[in-house]
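Notes follow once the structure below has been shown.
Chain letters run A, B, ... following the sequence lines, proteins first, then strands; residues in each count from 1.
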Protein chains: 2
Amino acid sequence: MSENRSGRRGRGKAHSPIEVVEADTLAADAAGAARPGDQVMYEAVLAAVMESRLRPGMRLTEAACCEIFDLGRLAVRKALLRLAHEKLVDLRPNRGAVVASPTPAETREIYFARRMVETALMPLAVAAATPAVCAELRAIAHEEAAAVEQGERSAALMLSGRFHMRVAELAGNGVMTEILAGLLSRTRLIVALYGPPEGSPGVPERHLALVDAMEAGDVAGAVALMERHIILVEQALRFDVPARETDLFDIFTRR
Amino acid sequence: MSENRSGRRGRGKAHSPIEVVEADTLAADAAGAARPGDQVMYEAVLAAVMESRLRPGMRLTEAACCEIFDLGRLAVRKALLRLAHEKLVDLRPNRGAVVASPTPAETREIYFARRMVETALMPLAVAAATPAVCAELRAIAHEEAAAVEQGERSAALMLSGRFHMRVAELAGNGVMTEILAGLLSRTRLIVALYGPPEGSPGVPERHLALVDAMEAGDVAGAVALMERHIILVEQALRFDVPARETDLFDIFTRR
DNA sequence: ATCAATAAACTTGTAAACAATTTTATATAT
DNA sequence: ATATATAAAATTGTTTACAAGTTTATTGAT
């Protein structure tokens, strides 16, 4: 075995927006089988996007990713390819990868798609909403409310995403769940771009109201609440000013 | 420039299930810019799946793909990675790629997802259903009927897919259209596996009825027809016998 | 003849080297 | 000073060669 790769490892990586969890600390390789390196990177980048540490417009050069994740370029490209396919990064030929910046038009489509998917799933979710499940959902919503209270915006955002995912999972359709997961991760980029600094108001409260309707078996009510909720979140976005945010960033990082 | 690659080109490829369109004959590179090789392969494989020339269980070895498409292994892997991400091929570590075989459980989820997506899109589609558009849809349905008449099953299947795609496109939501495209391509694999040899009856007729409702502006009727249509297509599947088809194939190609 | 162990052939996985492109920096002329 | 052209650096794209794994074929024993 050669010295492996090319003199990497042992670097600062102090304030990197990408957090690397050492391989052996995760449960995935409990059996001893190491998880593929490209998946490690994929999950780390996805998590960073979900927590808004990686913001739209940020560059992901191969060399930097190789260092951060201690991977070969091939594995890095594999991960970037997957992220590109999920529309989380833009892969420009010969010019590298950047975190994607959904356009306003794309944004409208995504929220419309979410409305369709999440309302369509609701009847099945209500049918599966046992008291135990509802308790779990309420717990998430309460955590979310606390995060909002303390001004921890990205934590609140993450919990909101988890809430919507758990509701969707109740419907028991893996294909639909995966589709929604893709829409939700792109929603994180949208909020990072167009989300109002003060955050969308009333989200945790509406989540709690939704759980109430679900537990009561009120299908029509739950559907209406979900639809209205998504519309309100979309309406809180600001497309006028913040579109510039990306441009500014591009300018600054165009070193 | 070196002699390029490694002694490929000039082979039989007579009855290959994958049809390769020579690069320069397509419109994509009208400006002179050659289309990336991996995309050529991706599109060829997708087309072969849509026309049921590539059937579930078939192996796609890298070497064979390199020869057929005159590509390097890297481009082939890129195409396979994309196909795997779209669930059209299974990528087994160290064991290569095979055309995917959706399970019965997956099948139920996919048809359920189609029902959701296509009925949710219908109101918008009806709103966009001008007489010209309806004429186009009817033309597709009539071609389809003719194909069924002449026993050209795969042609009929392709036209059916095109019909559903065109209807969805009317809604004008690219995100949803892409999602449906993924579901429809997987439906082709499902039909190849579990579709009754005689084909699902009455499909072109129901397509025509749907266009009538759409042109009349009958949203509720169109939604109901679409939902019922998808249910009927799913019910025509046969999960008992044909699951064996894959196994048989595996046995024969296990050379 | 059937089965197990071994060896060969084949296939995928990965790294290193090289080529091509893009970006940044420098020099020169207007 | 601004702008243009040239050169250097950095980054991505691709091939080649080799390593590791899997499948198939062969050999030998029961």
Side-chain angles (χ1 to χ4, degrees), chain A residues 1-9 11 23 29 31-42 57-84 89-99 249-255, chain B residues 1-9 23 29 31-42 57-84 89-99 247 249-255:
Chain A
M1 274 132 224
S2 62
E3 238 314 342
N4 115 324
R5 272 135 210 164
S6 54
R8 243 177 268 101
R9 198 122 225 179
R11 213 208 45 158
D29 55 343
R35 203 173 25 158
D38 57 271
Q39 178 134 348
V40 174
M41 169 172 163
Y42 166 78
M58 281 186 178
R59 293 185 57 188
L60 294 168
T61 63
E62 293 184 3
C65 294
C66 286
E67 271 201 33
I68 294 171
F69 301 105
D70 192 27
L71 293 175
R73 280 180 61 199
L74 219 82
V76 168
R77 288 171 73 109
K78 200 170 164 186
L80 287 176
L81 224 53
R82 182 168 169 194
L83 290 162
V89 314
D90 274 352
L91 225 47
R92 307 159 304 175
N94 281 319
R95 304 190 53 217
V98 297
V99 178
F249 191 92
D250 276 348
I251 290 167
F252 287 140
T253 60
R254 201 137 157 249
R255 48 152 193 173
Chain B
M1 282 135 218
S2 62
E3 241 309 349
N4 114 326
R5 270 131 211 168
S6 54
R8 244 177 264 103
R9 196 123 227 179
D29 55 341
R35 202 172 26 158
D38 57 270
Q39 178 135 346
V40 174
M41 170 171 162
Y42 167 79
M58 282 185 177
R59 295 184 56 186
L60 294 168
T61 63
E62 292 185 3
C65 294
C66 286
E67 271 201 32
I68 294 172
F69 300 104
D70 192 25
L71 294 175
R73 281 181 59 199
L74 214 85
V76 168
R77 287 171 74 109
K78 201 169 163 186
L80 288 175
L81 222 53
R82 181 167 170 195
L83 291 162
V89 315
D90 275 351
L91 224 48
R92 306 159 304 175
N94 281 319
R95 304 190 54 219
V98 296
V99 178
D247 300 332
F249 191 92
D250 276 347
I251 291 167
F252 288 141
T253 59
R254 205 140 156 245
R255 49 151 192 171

May I ask you to verify if any side-chain N or O of A:Arg77 is less than 4.0 angstrom from the OP1 or OP2 atom of D:dG13? yes

In whole angstroms, the gap separating C1' of C:dT11 from CG of B:Leu80 amounts to 13 Å

Taken to the nearest whole Å, CG/A:Leu71 to P/C:dT14 is 10 Å

Rounded to whole Å, the CZ-P distance (A:Arg95 to C:dT22) equals 8 Å

The nucleotide from D:dT11, C:dA17, D:dA17 with an atom nearest the side chain of B:Arg73 is D:dA17

Interatomic distance, SG@A:Cys66 vs CZ@A:Arg77, rounded to 0.5 Å, equals 10.0 Å

Checking C:dT11, D:dT14, C:dG13 against the side chain of B:Arg59 (C-beta onward), the nearest is C:dT11

### Query
Taking it one step at a time, do B:Val76 and B:Met41 satisfy side chain to side chain contact (heavy atoms under 4.5 Å, CB included)?
CA-CA 7 Å; B:Val76 168; B:Met41 170 171 162; 4.0 Å; yes

Out of D:dT23, D:dT12, C:dT14, minimum distance to the side chain of A:Asn94 belongs to D:dT12

Taken to the nearest whole Å, CZ/A:Arg92 to P/D:dT12 is 9 Å

In whole angstroms, the gap separating P of D:dT12 from CG of A:Leu81 amounts to 14 Å

Rounded to whole Å, CG of B:Leu74 lies from P of C:dA19 at a distance of 17 Å

Checking D:dT12, D:dT15, C:dT12 against the side chain of A:Glu62 (C-beta onward), the nearest is D:dT12

When rounded to the nearest 0.5 Å, the distance separating CG of A:Leu60 from CG of A:Leu83 is 8.0 Å

Applying side-chain contact (heavy atoms from CB on, under 4.5 Å) to A:Leu74 and not counting sequence neighbours gives B:Leu74

Here the distance between atom C1' of C:dG13 and atom CG of A:Asp38, to the nearest Å, is 11 Å

Hits for side-chain contact (heavy atoms from CB on, under 4.5 Å) against A:Asp90, two or more places apart or cross-chain, chain-then-number order -> A:Val98, A:Ala100

Residue pair A:Ala75/B:Leu60 against DNA chain C: nearer the 5' end by closest nucleotide is B:Leu60

A:Leu91 atom CG is separated from D:dT12 atom P, nearest whole Å, by 10 Å

